[in-house]
Each structure stands twice: as structure tokens, then as C-alpha cells.
There are 2 protein chains.
Amino acid sequence: MNEVVRTATGAIPLARPDVPLGRRSPHSKTRVLVADRNVIIRIGVRAILERTPGVAVVAEATTYDAVLDAVDEHGPDVLVIDLDLGDDTTRGLQLCEEITKRYPHTKIMILASTLSEFVVVDAMRRGVTGYLLKDDVKADELGKAVRTVQDGEVVMGKGIGNLVAHSLGSHRDIGEHVTDRELEVLKLVARGLSNKQIAAGIYITESTVKFHLQNLSRKLGAHRRAELVHKATAAGLL
Amino acid sequence: MNEVVRTATGAIPLARPDVPLGRRSPHSKTRVLVADRNVIIRIGVRAILERTPGVAVVAEATTYDAVLDAVDEHGPDVLVIDLDLGDDTTRGLQLCEEITKRYPHTKIMILASTLSEFVVVDAMRRGVTGYLLKDDVKADELGKAVRTVQDGEVVMGKGIGNLVAHSLGSHRDIGEHVTDRELEVLKLVARGLSNKQIAAGIYITESTVKFHLQNLSRKLGAHRRAELVHKATAAGLL
DNA sequence: AGCGCACCTAGCCATATGGACAGGTAACAG
DNA sequence: CTGTTACCTGTCCATATGGCTAGGTGCGCT
């Protein structure tokens, strides 16, 4: 039943055939691209998917650029990706947007390590159609989810749907963009610097530091810098 | 709680033979127990190890209790484990200590998600002989590491060795135990409560809250509560 | 009994912080 | 031109925080 595991780096089974934008023949397999920086996860996902009937992993990628190249080269039906590929989470969101625009045939399913209200909502806006948590998925769910996503349906892990619904009803406009400068200040706060030290460090006044922190606090719904650091961490900003 | 997960093929390779404390015959395989709450990781690690010559995965476990049962039942040569099995990291460390005491034949290799100076040093003290980061390992390293650990050698991922050395030379006595009360206060700090609110919440005075925070700050080497939250998160305390 | 440890309390003081106000600039899109 | 956005600055004030010293209790261990 197993023994399906191929070589680690994985020979690419097929040269890309004609990839029409419409639905493919029911007999052809769902072609999947797996993107994760972690080998163990890549191999694990590959092993799980390849024991799912009608699904085949055509390539793996470990960086944002590699994902783009691989999508372009293989035109997969589904991209299973952990957004945390570089040190810039925002980059992952942009990537999703770009792929849904340029390769509408390729559906995106996020396989995340952590649940971030921030990221989920943003991802949905950018055309992502699936969001699962690594720690939550059962082995068989993953295969099913991929096929469901390919059919254009939305798949969300338990609790995630509720989260999104709750967020949309929330008073604060979540998903509000965190600016570069704010992030810069935030990182220094996390390192325990005072407003004065931060100000001196990046050549702005203490007033401005406080200004950025006020905005950050509003965007993340925090009222103390300790909470700010906590929520920012949970949101994958640090 | 959960049961021990058996092999997918369903065959339990061997009823446990006599397991002598000394080295086993060079022809017998290194018998591995994989413990991780995440299916993808378990399958990934299993796939990687099973393609390594001379290594066989005999069981999987997803909870602390299941690990203990499985070690007792299978007497594996190596336990590959992510300490983050429950919501109590400390429990994982205790588990390691117990296993090295009661089953000295079984070597322990930690396969962690995050690098925590705190945990690494503590783990070493309790007889753990390997520490790798999921995000760092190459596929072939994992197999090698398991065999190396079985031979009684210590394996540490890149950077981890330096970390340990640096820690030991550090002025602050790292690995100093964080008490229950401190942890309780810490969690409330992370949620953005003021000292006064925390005091009222757990029926102690503000002075005591500050006392606990002072001790925590010393133990984690932080000087501001934002930094405290940051480091505590990195140390897996939150 | 003596010891260490977790836990709790008090007071003092300089400084940091949060929250509010009311502005300014530059770049860029419609 | 007008509106939006990121970015920057200032002032005001109440409160929170960090750092310190100097105690107290109860518990388990030797």
C-alpha cells in the first residue's frame, strides 16, 4: 500500500502536456505542486498525496521564486503551499495573488504551520481556495482537500471558517496593511528597546515611534506592547 | 488518549526480542520510534528513514503517554521525537529523563520545530543525545543522524552546538527553572494585562506581580516586558 | 533544626508608556 | 486639482513599568 515514495529530490514524472484552461479529462490525474521549505513536510505531503487515487505530485519548490518557475513550467492543477517560505510572509500573499491572476487554472491551497487570522483573511481576498493547518489535518483529509480544491470549492480546516466569519463581523478592520516602517519599529520593540532607543536607532523622533506603535496597536487590536509582540508573533509578523 | 499508531502495512515487524543493553548485531536494523503530533511529519520522517539502509521505523506515537507505552512495548534503538507533543513542553523533558533512566538502551533524538536555547540545554542534561531542527535537516542527514545517535554519539544541527557552548559560557544561568506562578503571570502579560489587572486577576498584589516579572526577566535575560514575551515565545513557554 | 526554594508583600523613585490632541511633508492615482 | 497613503513631528498628562532594597510565609530535604 505504501512504498510509493520516490527519490527525495524527485524526478519530474512528466513533461508538461497541453494544459487547457477548462476542466481536464476525468481520467487524468490531479497534478500537484508542493511548496514548503521543510524537506520532511515535502516528502510527507508527497507520500500522502501519492497514495491518494487520482492525484500526482509533479514538482516541489522551496522558495517563492521556485514556486513561480514551477507553476509556469508545470501548470499544476493545485498548488499546496506553506506561505512561510522566506522571512517575508507578505511576499507569500503577493505570490498567491500573482498566481491566481496569471495562472487561473492553478488552484491554491495553503498548508500553514500556524493559524493567523491576519493571513487567512488576506489570503481569501487574493483568491486562495483552501486553508489547512498542518497540525490538524488527518492523512486522508489532505488528499480529499486537494481534489475538492481542484473542483473549485473552498476548503477550510475546522475552526478556520468560524474564524473568518468572526473576523468579518469584527469591529476592527483586520487585514489592514502593516507598513514597512511599522514592521521595522515592531521588531525593535520585540528586542526590548525603549521608544527613545528605537528613535535614536532609526533616526526619527520618539513621537514618531509612538505614532507607528499607535497605528500598529490599532491594526492588531493590542493595547500594550507586550500584547503587540504576542499578537504580531501569532500573525507571523516577527 | 490516543493509541500507538502502527505501521501502515499493519505488520508489527518483530515481537520484541531480547533487547540486550549492549550493541546489537550489525545485521539487525536500527529500530526507530517516531513521535510527533503531526501526521505529515510522521509520514515524512518514516519515508525518509525507511529509505535509509539499516533503519526501520517500528512504531509511531502522538502523545506523551503513547510514547512511553511504545518504548515499553517495542524497545526501540532510537526515539525520534518532537518535544511539543502536548501543550506542556516541560512534560516532554521529563519524558526524556524517564526514558533514559528506565530504558537506557533507547537513545533519544529530538526533532524540534523551533530552536530553544532553553530546551536544548535542559534536554542535554536529561540524556538526550541528538537535537535537529525540522527546517534545517536535509533528507539524508536524518538517516545518518539516527545511526550516529544509535552508536552513542551526540548529534546536533548546525548552530545548535555553538548555541550550547555560548549558553554555558553565558553570565546568566540559563536553564534556570521557570516556576508555575511565573508562567501564569507571563501568559497574562502576553495578553496585554497591566500589573494591576494581573494582580486582581489572580488575587495577589501588584508588588508580587512585579516580583515574578523581575525573576522572569532575569531568567530569560529580558529587560522589558515586550522582550520578555518575545523571548518566552522563542523559548516555547507561550 | 538549618537550608533552599517558591511564593508573597511593601515602599521608593526615575523613567517609559499609552492615549489623546493637532498638525506637517512627499508621492501617487483618479 | 483632490484625495489617499505612508511618513513624520509636536505637546499634554495620567498611569505603567523597571529596578532597587528589605522583609515575610510555608514546604520539603538533609
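These values consider heavy atoms only, across backbone and side chains, with no hydrogens, waters or symmetry-generated copies. In what follows, every chain begins at residue 1, and chains take the letters A, B, ... in the order their sequences are listed.
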Sugar-phosphate, base or nothing in reach of [X], heavy atoms under 4.0 Å:
X: A/Thr208; answer: base
X: A/Ser207; answer: base
X: B/Lys210; answer: base
X: A/Ser194; answer: sugar-phosphate

Would you indicate, yes or no, if [N] has its OP1 or OP2 atom less than 4.0 angstrom from a side-chain nitrogen or oxygen of [X]?
X: B/Arg224; N: D/dT17; answer: no
X: A/Asn195; N: C/dA16; answer: no
X: B/His212; N: C/dC8; answer: yes
X: B/Thr179; N: C/dC7; answer: yes
X: B/Arg218; N: D/dG19; answer: no
X: A/Arg225; N: C/dG18; answer: yes
X: B/Lys196; N: D/dT15; answer: no

* What's the closest nucleotide to the A/His223 side chain, out of C/dG19, D/dC8, C/dC8? ->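 Side chain of A/His223 sits closest to C/dG19.
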
* Which nucleotide sits closest to the side chain of B/Phe211: C/dT9, C/dT17, D/dC8? ->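 Of the options given, the side chain of B/Phe211 lies nearest C/dT9.
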
* Asked: Any Lys/Arg nitrogen of B/Asp36 or B/Lys134 sitting under 4.0 Å from an Asp/Glu carboxylate oxygen of the other?
  ->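 A salt bridge is present here (some side-chain N lies under 4.0 Å from a carboxylate O).
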
Under 3.5 Å, is there a donor on one side chain and an acceptor on the other for [X] and [Y]?
X: B/Thr106; Y: B/Asp77; value: no
X: B/Glu153; Y: B/Thr148; value: no
X: B/Asn195; Y: B/Arg225; value: yes

